[in-house]
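For reference, the structure is listed below as structure tokens.
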Amino acid sequence: MAKMKIIVDGDGCPQKARKICEEYAAYFMIDMVVVSSIDHNMYGDFRTIIVDKGRDSADFRIIEIARKDDVVVTQDYGLASLLLDKVYAILNPVGFTYTYENMDKLLMKRYMGQKIRRGGGRTRGPKKRKRQEDLLFEEELLKTIENKLKR
């Protein structure tokens with residue numbers, strides 16, 4: 001059986017969510033990899049892969065290294081959609097798992113926001129992270145790891 005690892009999209013993952021991943025990776029002795037551009041270079045008890053600046057450089061590297069037993073953490077709906085068939089699970093740092101059932105709605109939401117911004121309109125930025133999101137993410141990550149390890 002291949003060894004599970006947690007892959008974190010460092011360019012789009014809140015620090016608190018990354019710390020939660022780091023804690024669970026250490027507890028369960030799971031490898032953790034953070035992929036980020038040079039602008040978001042991070043250090044911790046995990047392997048770091050630094051990619052060149054570029055709109056999707058980190059995403060392409062994550063796609064390249066991800067395997068079927070891995071858990072990926074990202075806020076990027078596009079990246080998540082490309083990984084649905086490739087990895088064990090993809091988690092959003094606010095505390096939900098990306099699935100085929102929710103992906104169309106998420107991608108449509110992203111498309112509509114882009115369309116509004118291209119037309120000169122404004123959309124709201126991300127809200128301040130709440131403690132409840134940390135708790136939901138931690139619960140979802142723990143459930144995902146435990147389910148994978150049971151298999």
Rounded to the nearest 0.5 Å, how far does [atom2] of [Y] lie from [atom1] of [X]?
| X | Y | atom1 | atom2 | result |
| --- | --- | --- | --- | --- |
| Lys53 | Asp11 | NZ | CG | 12.0 Å |
| Asp59 | Thr74 | CG | OG1 | 6.5 Å |
| Ser37 | Ile49 | OG | CD1 | 13.5 Å |
| Asp70 | Lys148 | CG | NZ | 9.0 Å |
| Asp69 | Met4 | CG | CE | 8.5 Å |
| Met32 | Thr48 | CE | OG1 | 8.5 Å |

- Query: Just by modelled atom types, is the Ile63 backbone N or O under 3.5 Å from a matching donor or acceptor in the Lys86 side chain?
  - Reply: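 Checked: pair present.
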Contacts of type side chain to side chain donor-acceptor pair (under 3.5 Å), residue [X], not counting sequence neighbours:
| X | answer |
| --- | --- |
| Asp134 | Arg129 |
| Tyr24 | Glu138 |
| Gln132 | none |
| Tyr100 | Asp85 |

- Message: Can you pull out every salt bridge (charged side-chain N to carboxylate O under 4.0 Å, His left out) where at least one residue sits in residues 13-24? Sequence neighbours excluded, please.
- Response: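 Counting only pairs at least two positions apart or across chains, the salt bridge (charged side-chain N to carboxylate O under 4.0 Å, His left out) contacts touching residues 13-24 are Lys19-Glu22.
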Minimum-distance pair of heavy atoms, taken over all atoms of [X] and [Y]:
| X | Y | result |
| --- | --- | --- |
| Val72 | Val87 | CG2-CG1, 4.1 Å |
| Phe96 | Asn102 | CD1-ND2, 3.8 Å |
| Lys5 | Val33 | CD-CG2, 4.1 Å |
| Ala58 | Ser36 | CB-CA, 4.4 Å |
| Phe137 | Cys21 | CZ-SG, 3.6 Å |
| Arg61 | Glu64 | NH1-OE2, 2.5 Å |

Determine, using the 4.5 Å side-chain heavy-atom cutoff (strictly less than), whether [X] and [Y] are members of one ILVMFWY cluster.
| X | Y | answer |
| --- | --- | --- |
| Phe60 | Ile50 | no |
| Tyr27 | Met29 | no |
| Leu141 | Leu135 | no |
| Tyr77 | Leu136 | no |
| Ile20 | Leu149 | yes |

- Message: Suppose we screen for ring pair (Phe, Tyr, Trp, His ring centres under 6.0 Å). Which residues come up paired with Phe28, at least two apart in sequence or across chains?
- Response: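 Expected list: none.
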- Message: As a test of understanding, state which of Val73, Leu91, Asp31 forms a side-chain contact (heavy atoms from CB on, under 4.5 Å) with Ile6.
- Response: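 Answer to the side-chain contact (heavy atoms from CB on, under 4.5 Å) test with Ile6 among Val73, Leu91, Asp31: Val73.
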- Find out whether Leu83 and Ile62 are in side-chain contact, i.e. whether some heavy atom of one side chain is under 4.5 Å from a heavy atom of the other.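 Yes, their side chains come closer than 4.5 Å.
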- Message: Please determine whether the number of non-hydrogen atoms from other residues, nucleotides or ligands lying under 6.0 Å from atom CD of Gln15 exceeds 12.
- Response: no
